A.B. asks: 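One structure, pasted below without further comment.
All figures in this text were calculated on a predicted structure; none of them were measured in a lab. Every chain is numbered from 1 and lettered A, B, ... according to where its sequence line falls, protein lines coming before strand lines.
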Amino acid sequence: MISKTYAPQEIEAKWYQYWLDNKHFASKPNPDKEPYSIVIPPPNVTGILHMGHMLNNTIQDVLIRKARMEGKEACWVPGTDHASIATEAKVVAMLKERGIEKKDISREEFLAYAHEWKDKYGGIILDQLKKLGASCDWDRTNFTMDAHYYESVIDVFVDLYNKGNIYRGVRMVNWDPLGKTALSDEEVIEKDIQAKLYYINYAVSSQQSAVGEETAESYVTIATTRPETIMADAAICVNPNDERYIHLHGKTVKIPLLNREIPIITDEYVTMDFGTGCLKVTPAHDLNDYELGIKHKLPVIDILDDGGFLNEKAVLYVGQDRFAARRNIVKDLEESGHLVKMEEYKSIVKTSERTGAVIEPKLSLQWFLKMEELSKPALENVMNDTIKLYPSKFKNTYRSWMENVHDWCISRQLWWGQQIPAFYLQDGTIIVAKTKREALHKAQHERLLFALTEEDLTQDPDVLDTWFSSWLWPIATFDGIRNPDNEDINYYYPTNDLVTGPDILFFWVARMIIAGYEFKGKLPFENVYLTGIVRDKQGRKMSKQLGNSPDALELIERFGADGVRSGLLFSAPAGNDLLFDEKLCEQGRNFCNKIWNAYRLVEGWTVTEQPIIESNKLAIDWFNSRINQTIKEIQDHFTKFRISDALLSLYNLVWNDFCSKYLEIIKPDFEQPIDKATFNSTIEIFEKLTCLLHPYMPFITEEIWQALAERNEGESICRTEFPQGGDINTELLASFDVMFEVVSKIREIRNVKQLSPKIVLPLAIKTDNKARYENIESIIEKLANTETISYVSDKVDGAISFVVKADEFFINLEGEIDVEAELETAQKDLEYNLGFKKATEAKLSNERFVANAKPELVERERQKLADAESKIKALEERIASLKG
RNA sequence: GGUUUAAUAGCUCAGUUGGUUCAGAGCACCUGCCUUACAAGCAGGGGGUCCAAGGUUCGAAUCCUUGUUAGACCA
């Protein structure tokens, strides 16, 4: 006896291993088949599976499994990303536990520890994806620090440098004082905070202010949120049009506490109505001030060290953290009478995405990639739909970003990553080459410095931004950088679909497109499906701090992988955030259970050679039409990436049409056998349904598919053909709709009258078209539990009745009838139909409607009018007889 | 502040080229059933001024304008 409820835990591991053992996910170039490839968005090697991954990878798995069943050579490339900052932080933490400080060990030693960490703890997430059912080709697993990948990244750097796209320069960058590295703009998160605006007096230098007027203003007041940077001030700036300060033009002021003299300059950049209209200019610690400084040739005084502590240039508070220094200077300014007032001020603060530290704008020497020219094909080909974004609303966002693209700061002051292949000679000359040896060779031959040895070359200590390796993902995973003509890259590239979150549209997607055109001359993928962000049911982002993120593996444990997968997809329209509720997984699990029990029913039948009855034949035809109709629907949904809608169509087909209708129609009485023809057709139908469902629910469909018939060793549903649609008998579908409406009406009466389902009801039909019911009357009898249907030419007095189409149905309950209630429902029905008739007549008598609307539409309206008229006639007679 | 997307049932969302009385689905809710595949179930039911106001049209949830509100991205 098989279990009453579906028990996923027992079968999921079994089938996953079976798939692996039989290499069903493996793929290699096959010229006889159409390729279909997806590269996984590589999760951080430090990552563990969360809700976002589950959604994202389920969608990819659905796409890849469907393509595989459609006979394409489906290849899903998995892998992980080395995630410089995140991994380096983990390694530093591991070392700390062992009592080792990063600063005490060499780069080589550190990297050895990092690899050790990666081998031990990295890539857990890939095993977790297996639990979800992901059908990746695991033999193709890539890691962005694999030797071949590393080499590809270096090749690309050298190539871009030689083309003149990479340069080194001093720029104001986002500095993370905790991670001690530069960050790209995209790695910075802005947070709203409540800050304070400090008003500080700077003394106007006396010799200039002494123009005779003793009471003349001897101070200017500036407003700043960062009082600790006054030691780095290079000037005070006012708007030249600001009449309040005209008398100050050309004078100097003294920095409080420090008494260093700085000039007062004028520039229209200053907003007159913000603060006091006086701006302190601190070129080293603010981007705008920096630009102002360049314009006015001001000195740059950098008073902070890499860790955010004040250095000797500050003179005061040396060695203090920037925030401690702020507190102290505020106190000292207050005591010395320089602090005029403090105001509450709503502001934003930039923080590091990885370490959370407050970002310091800092001048430093970094490597940059020029983006303007490179990004042109990437913009053009998204705008002209060569590469399609789903949903397309992201095209706008994409465009505005690509039109305002900045040069990309690609160097990071870390050790874990691809070390920049730039080598410096003692005089500072830069040689960019793949290896030290090549650099030496280049120096010797191009610069004729034959006396040089490798010892004279020092490699740049920085590594490349992680995104500078992941932007090559669709190419480098097929080794298409080093071996541009290899079989894999020629076959699988460009890949077909990319599935990822909109939050990395620019970080990653845009850059892959750029790389695709730059290094392959072609798009990297045709479609980009952008999933929503998984939020909790209150709409908050899932986060560790809030503790609102469910444990992904625990969910799988509780609801089964198929339950979680379908649950996630039930409410995941493309591009919309998904408000996750465990209820969704419950619904998914219930769906599995429903399918399971349908199987249990079929599995328990005994088969006889008796001939098929007419109504079963009809039901089989009807259901096949419904399947074909649904296949058409889901294929249409898939072309538009409406994965969620496709699943809902299937859900509806399986639950409402297959279980509630089809099986109920053909189900033999308790312990009675079923005829062979019906049984075989039902098995066939069930197989089709499992195939249609397989991309969504791989495990349960495999389990049932294997049980429905004898299978060969190693055979799997994941390699069977995806069902093709066929003919749709619309007449049959319509006649079944009428039948189900009749059944529903009878059941409603049963409900209202509180009659047990066991009571067999008498049913009479008054119709001009008896043929309409000839084939389906036995089904009505079965589903509604009625006696043999009788046909009447007159009303049945004292019976409850209802009207479907133009036909009237009677259930004679012998005096059970409540005339008042019957009258009321009939009256209501009549009113509705009269209203409908009136509206339709108005439409049809409108000449402009008849003239302008499509002819079939007008015809349809006429038909509806005729139907309504006959229904009205029946209802009027009914009412008359009730009033009797 | 700039750009942009949205607003439809209690909740989450469909509604494709303006055209079926078009106002839909799932969940939730209410009523009755432990009927022999399934109570993780069955049968039935109630529920919306399609954000507001104008406009275009024979016809508007759908197109246009303005406003309100919310989100996203950028500054």
A.B. asks: Among B:rC38, B:rG19, B:rA75, which is the nearest nucleotide to the side chain of A:H406?
C.D. replies: B:rA75

A.B. asks: Think A:W655 has a side-chain N or O under 4.0 angstrom from the OP1 or OP2 of B:rA25?
C.D. replies: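 A:W655 to B:rA25 OP1/OP2: no side-chain N or O under 4.0 Å.
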
A.B. asks: Measure from the side-chain N and O atoms of A:R750 to the backbone N and O of A:I746, and report whether any donor-acceptor pair falls under 3.5 Å.
C.D. replies: no

A.B. asks: Measuring from the side chain of A:K4 (C-beta onward, heavy atoms only), which nucleotide among B:rU4, B:rU36, B:rC38 has the closest atom?
C.D. replies: B:rC38

A.B. asks: Within the structure shown, what part of the strands sits under 4.0 Å from A:N396 by heavy-atom distance: base, sugar-phosphate, or nothing?
C.D. replies: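 Sugar-phosphate: the residue A:N396, judged by heavy atoms under 4.0 Å, touches backbone atoms but no base.
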
A.B. asks: Could you check A:K758 against A:R399 and say which one's nearest nucleotide on RNA chain B is further toward the 5' end?
C.D. replies: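 Checking each residue's closest nucleotide, the 5'-ward one belongs to A:R399.
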
A.B. asks: If you compare every side-chain N and O of A:S660 against the phosphate oxygens of B:rA43 (OP1, OP2), does one of them come in below 4.0 Å?
C.D. replies: yes

A.B. asks: What's the closest nucleotide to the A:R600 side chain, out of B:rU35, B:rA37, B:rA40?
C.D. replies: B:rA37

A.B. asks: In residues 733-748 of chain A, which residues come under 4.0 Å of RNA chain B by heavy atom?
C.D. replies: A:S744, A:R747, A:E748

A.B. asks: Within less than 4.0 Å of OP1 or OP2 of B:rA72, is there a side-chain N or O belonging to A:Y398?
C.D. replies: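 No, A:Y398 has no side-chain N/O under 4.0 Å of OP1/OP2 on B:rA72.
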
A.B. asks: Ignoring the backbone of A:R642, work out which of B:rU21, B:rC73, B:rA14 is nearest its side chain.
C.D. replies: B:rA14

A.B. asks: Where the side chain of A:K583 is concerned, which of B:rA37, B:rA28, B:rU36 is the nearest nucleotide?
C.D. replies: B:rA28

A.B. asks: What pattern of brackets, bars and dots sums up RNA chain B from 5' to 3', given Watson-Crick or G-U wobble pairs under 3.5 Å, [ ] for crossing pairs and | for another strand?
C.D. replies: (((((((..((((.....[....)))).(((((.......))))).....(((((..]....)))))))))))).

A.B. asks: Between A:K640 and A:D636, does any side-chain N to carboxylate O distance fall below 4.0 Å?
C.D. replies: yes

A.B. asks: Has the side chain of A:N527 got a donor or acceptor atom that lies under 3.5 Å from a matching backbone atom of A:K388?
C.D. replies: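 A pair under 3.5 Å: no.
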
A.B. asks: I'd like to know if the side chain of A:D562 and the backbone of A:G588 have a donor-acceptor N/O pair within less than 3.5 Å.
C.D. replies: no

A.B. asks: Run A:K745 and A:F809 through side chain to side chain contact (heavy atoms under 4.5 Å, CB included) and show every step you take.
C.D. replies: CA-CA 10 Å; A:K745 282 274 200 301; A:F809 296 74; over 6 Å; no

A.B. asks: Atom CG in A:D286, atom CZ in A:R226: separation rounded to 0.5 Å?
C.D. replies: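 That separation rounds to 8.5 Å.
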
A.B. asks: When you get a sec, tell me which of B:rA37, B:rG41, B:rC58 is the closest nucleotide to the side chain of A:N590?
C.D. replies: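 Nearest nucleotide to the side chain: B:rG41.
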
A.B. asks: Working to the nearest 0.5 angstrom, can you tell me the gap between A:Y6 OH and A:M697 CE?
C.D. replies: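 Result: 8.0 Å between the selected atoms.
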
A.B. asks: Below 4.0 angstrom, N of the basic side chain to O of the carboxylate: do A:E554 and A:R558 qualify?
C.D. replies: yes

A.B. asks: How far, in whole Å, is B:rG10 from B:rA72 if one measures between their P atoms?
C.D. replies: 25 Å

A.B. asks: If you apply the rule side chain to side chain contact (heavy atoms under 4.5 Å, CB included), what do you find for A:R626 with A:L733, and how did you get there?
C.D. replies: CA-CA 8 Å; A:R626 276 292 296 129; A:L733 288 172; 3.7 Å; yes

A.B. asks: Heavy atoms from C-beta onward define the side chain here; which of B:rC38, B:rG32, B:rC58 lies closest to that of A:F849?
C.D. replies: B:rC58

A.B. asks: Mind calculating the distance between CZ (A:F507) and P (B:rC73) to the nearest angstrom?
C.D. replies: 11 Å

A.B. asks: Measure from the side chain of A:A598, starting at C-beta and using heavy atoms only, and say which of B:rU16, B:rA37, B:rG32 lies closest.
C.D. replies: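 Within the option list, the nearest is B:rA37.
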
A.B. asks: Roughly, in whole Å, what's the span from CZ in A:F658 to P in B:rA37?
C.D. replies: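 It works out to 14 Å between those atoms.
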
A.B. asks: Provide, to the nearest angstrom, the distance between the CZ atom belonging to A:F580 and the P atom belonging to B:rG26.
C.D. replies: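 Distance check: A:F580 CZ to B:rG26 P gives 21 Å.
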
A.B. asks: Determine the Euclidean distance between corresponding C1' atoms of B:rG48 and B:rA37; express it in Å to zero decimal places.
C.D. replies: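 Between the two C1' atoms, the distance is 37 Å.
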
A.B. asks: Report the nucleotide, chosen from B:rU12, B:rA37, B:rU21, that has the shortest atom-to-atom distance to any side-chain atom of A:L579.
C.D. replies: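 Nucleotide nearest to A:L579's side chain: B:rU12.
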
A.B. asks: Specify the residue among A:L648 and A:T840 whose closest nucleotide of RNA chain B lies further upstream toward the 5′ end.
C.D. replies: A:T840

A.B. asks: Scan A:Q672 against the nucleic acid and name what it touches under 4.0 Å (heavy atoms): base, sugar-phosphate only, or nothing.
C.D. replies: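 Since no nucleic acid heavy atom lies under 4.0 Å of A:Q672, the category is nothing.
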
A.B. asks: Return the value, rounded to whole Å, for the distance between atom CG of A:N833 and atom P of B:rU21.
C.D. replies: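 A:N833 atom CG is separated from B:rU21 atom P by 12 Å.
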
A.B. asks: Parallel, tilted or perpendicular: which one describes the rings of A:F506 and A:W401, with boundaries at 30° and 60°?
C.D. replies: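 Rings of A:F506 and A:W401: parallel, under 30°.
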
A.B. asks: When you get a sec, tell me which of B:rG26, B:rC42, B:rA37 is the closest nucleotide to the side chain of A:Q587?
C.D. replies: B:rG26

A.B. asks: Could you tell me the separation between the OG1 atom of A:T701 and the OH atom of A:Y696, rounded to the nearest 0.5 Å?
C.D. replies: 12.5 Å

